[in-house]
Q: 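What follows is a single structure, and I will ask about it in a moment.
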Amino acid sequence: MNQKVRHILDTIGEMFPDAHCELNHSNPFELTIAVLLSAQCTDETVNKVTQTLFQKYKTPEDYLAVPLEELELDIRRIGLYRNKAKNIQKLCQLILERYDGQIPTTHEQLVELPGVGRKTANVVVSNAFGVPAIAVDTHVERVSKRLGLAGKDDSVLEVEKKLMRKVPREEWTLTHHRLIFFGRYHCKAQSPKCDICPLLDICPEGKKRMKIKKVSKTS
């Protein structure tokens, strides 16, 4: 691993030593539902919805015991709720048929579940089953490209592969959480805190932004 990558990992580690999955859950099944709901939606909103959702629905059978319309109503504050409600019921049906009502433990099995893509599968295997993984969400993608860990035109899959190559395997899950915290609370999409960023000296994007700031101040 090169020095620049080590420096980035150590710095964000110092900034966010307690970075973790912010979706509230108490088992792999709840985590899978929460991650499925979180697509194009903030963790904060998901946590508000699951607070009551997880009291009402404890098992896959519970989700299948109500009409689709009722489940839609229960998650209506979430973006794309109709589609997600449909996927939740399909997912519950499938894990009852194939996996005895349990969430499967491998990435390959998880991505076959309705509504579960690579990112969701990575979050579930790493947080629920302790398998090293890097899930690339919007924060991870943005930060990786800004810091030059990935190319600016790279696809989500290319970003994931580059991070997996550059970061030691045993640090994948922790790095994923720290990059999310760094992107969510520091290197934000609209107003990144470049002026107080400890990584400014090695960040091409940050240098460019600070230069533009200087020019606009002097002109």
Side-chain angles (χ1 to χ4, degrees), residues 1-25 28 31-32 34-44 46-47 103 105-108 110-111 116-194 196-207 209:
M1 180 175 53
N2 70 30
Q3 264 180 310
K4 179 189 167 181
V5 176
R6 186 69 270 163
H7 175 55
I8 290 171
L9 298 185
D10 291 345
T11 304
I12 62 170
E14 282 165 25
M15 290 173 78
F16 300 103
D18 304 319
H20 59 279
C21 176
E22 290 195 296
L23 289 167
N24 295 334
H25 64 280
L31 177 63
T32 306
V35 184
L36 189 152
L37 291 173
S38 74
Q40 293 175 16
C41 184
T42 66
D43 286 2
E44 202 182 340
V46 174
N47 286 337
I103 292 295
T105 57
T106 72
H107 195 278
E108 295 70 35
L110 281 160
V111 290
V116 175
R118 279 191 72 83
K119 187 198 87 171
T120 303
N122 279 333
V123 172
V124 174
V125 294
S126 60
N127 290 288
F129 304 121
V131 178
I134 295 179
V136 179
D137 70 349
T138 52
H139 299 297
V140 175
E141 182 181 5
R142 180 175 70 253
V143 168
S144 300
K145 289 179 177 182
R146 281 180 176 173
L147 288 171
L149 293 170
K152 73 174 190 302
D153 297 322
D154 283 353
S155 68
V156 170
L157 184 58
E158 285 167 334
V159 173
E160 184 187 326
K161 285 181 173 170
K162 283 184 180 174
L163 289 172
M164 284 164 74
R165 274 203 306 273
K166 291 175 180 179
V167 177
R169 191 170 187 271
E170 66 276 10
E171 291 180 46
W172 285 356
T173 300
L174 200 50
T175 298
H176 152 75
H177 291 313
R178 286 173 175 171
L179 287 172
I180 288 176
F181 269 55
F182 184 72
R184 187 175 283 159
Y185 302 112
H186 182 84
C187 188
K188 300 175 184 182
Q190 299 308 325
S191 47
K193 301 176 182 177
C194 301
I196 55 160
C197 185
L199 290 171
L200 182 63
D201 59 325
I202 55 157
C203 177
E205 171 82 12
K207 284 178 183 165
R209 281 173 180 266

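Sequence positions, counted from 1, serve as the residue numbers for this chain.
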Q: If you round to the nearest 0.5 Å, how far is CG of L199 from CD1 of I8?
A: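 Those atoms lie 6.0 Å apart.
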Q: Considering non-hydrogen atoms only, spot the tightest contact between R142 and K188 and give its length.
A: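 Where R142 meets K188 most closely, the heavy atoms are NE-C, 3.7 Å.
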Q: Testing V125, N122, T173 for side-chain contact (heavy atoms from CB on, under 4.5 Å) with V131, which one passes?
A: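 The single option meeting the side-chain contact (heavy atoms from CB on, under 4.5 Å) with V131 is V125.
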Q: As a test of understanding, state which of R118, R165, K166 forms a salt bridge (charged side-chain N to carboxylate O under 4.0 Å, His left out) with E160.
A: R118
Q: For N24, which residues count as a side chain to side chain contact (heavy atoms under 4.5 Å, CB included) partner, sequence neighbours excluded?
A: N47
Q: Measuring from atom OG1 of T175 to atom CD of E170, what distance do you get when rounded to the nearest 0.5 angstrom?
A: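 It comes to 9.5 Å.
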Q: Where do A135 and V140 come nearest, in terms of heavy atoms and distance?
A: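 Closest approach of A135 to V140: O-CG2, 3.6 Å.
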Q: Consider side-chain contact (heavy atoms from CB on, under 4.5 Å). Of N127, V123, D18, I134, which one does H177 pass it with?
A: N127
Q: Sequence neighbours excluded, which residues qualify as side chain to side chain contact (heavy atoms under 4.5 Å, CB included) partners of T42?
A: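 Expected list: E44, T45.
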Q: Please list, chain by chain and in numerical order, all residues satisfying side-chain hydrogen bond (donor to acceptor under 3.5 Å, both in side chains) with D201, sequence neighbours excluded.
A: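 Partners of D201 under the side-chain hydrogen bond (donor to acceptor under 3.5 Å, both in side chains) test: none.
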Q: Please enumerate all residues that pass ring-ring contact (aromatic ring centres under 6.0 Å, His included) together with H186, with sequence neighbours excluded.
A: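 Checked H186 against ring-ring contact (aromatic ring centres under 6.0 Å, His included); matches are F182.
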Q: For L147 and C203, work out which heavy atoms get closest and say how close.
A: CD2-CB, 3.9 Å
Q: Are any non-hydrogen side-chain atoms of D43 and R184 less than 4.5 angstrom apart?
A: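 A side-chain contact under 4.5 Å exists here.
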Q: At their closest point, which heavy atom of K162 faces which heavy atom of G151, and how far apart are they?
A: NZ-N, 3.8 Å
Q: Hey, does P192 have a side-chain heavy atom less than 4.5 Å from the side chain of R146?
A: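 The answer is yes; the side chains approach within 4.5 Å.
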Q: Please name the pair of heavy atoms, one in C41 and one in L37, separated by the smallest distance, quoted to 0.1 Å.
A: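 Scanning both residues completely, I find the closest heavy atoms to be CB-O, 3.7 Å.
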Q: Could you state the interatomic distance from CZ (R6) to OG1 (T11), rounded to the nearest 0.5 Å?
A: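 OG1 of T11 is found 10.0 Å from CZ of R6.
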Q: Would you give the length of the straight line joining atom NE2 of H20 to atom CG of L174, rounded to the nearest 0.5 angstrom?
A: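 The NE2 atom of H20 sits 12.0 Å away from the CG atom of L174.
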Q: Under the side chain to side chain contact (heavy atoms under 4.5 Å, CB included) rule, collect the residues that match up with K207, sequence neighbours excluded.
A: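 Testing K207 for side chain to side chain contact (heavy atoms under 4.5 Å, CB included), a comparison that skips the adjacent residues, returns none.
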Q: Could you list the residues that satisfy salt bridge (charged side-chain N to carboxylate O under 4.0 Å, His left out) with D153, not counting sequence neighbours?
A: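 Residues passing salt bridge (charged side-chain N to carboxylate O under 4.0 Å, His left out) with D153: none at all.
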Q: How long is the straight-line distance from NZ of K119 back to CG of L36, given to the nearest 0.5 Å?
A: 10.0 Å
Q: Checking Y185 now: which residues fulfil ring-ring contact (aromatic ring centres under 6.0 Å, His included) with it, not counting sequence neighbours?
A: F181
Q: With the side chain counted from C-beta on, respond yes when W172 and S126 share a heavy-atom pair under 4.5 Å apart, and no when they do not.
A: no
Q: Using the salt bridge (charged side-chain N to carboxylate O under 4.0 Å, His left out) criterion, which residues pair with E158? Sequence neighbours excluded.
A: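 By the salt bridge (charged side-chain N to carboxylate O under 4.0 Å, His left out) rule, E158 matches no residue at all.
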Q: D137: what forms a side-chain hydrogen bond (donor to acceptor under 3.5 Å, both in side chains) with it, not counting sequence neighbours?
A: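 side-chain hydrogen bond (donor to acceptor under 3.5 Å, both in side chains) check on D137 returns nothing, list empty.
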Q: Does some side-chain heavy atom of I103 sit less than 4.5 Å from a side-chain heavy atom of L110?
A: yes
Q: In chain order, what residues pass the side chain to side chain contact (heavy atoms under 4.5 Å, CB included) check against H25, with sequence neighbours excluded?
A: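 Checked H25 against side chain to side chain contact (heavy atoms under 4.5 Å, CB included); matches are C21, E30, L31.
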Q: For T105, enumerate each residue passing the side-chain hydrogen bond (donor to acceptor under 3.5 Å, both in side chains) test, keeping only those at least two apart in sequence or located in another chain.
A: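 So T105 forms no side-chain hydrogen bond (donor to acceptor under 3.5 Å, both in side chains) with any residue.
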Q: Looking at every non-hydrogen atom in both residues, tell me the closest pair between V46 and S38 and how far apart they are.
A: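 Looking at all heavy atoms of both residues, the closest pair is CG2-CA, 3.6 Å.
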Q: Using the salt bridge (charged side-chain N to carboxylate O under 4.0 Å, His left out) criterion, which residues pair with K145? Sequence neighbours excluded.
A: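 So K145 forms a salt bridge (charged side-chain N to carboxylate O under 4.0 Å, His left out) with E141.
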Q: Could you tell me whether the side chain of R209 and the main chain of C194 form a donor-acceptor pair under 3.5 Å?
A: no
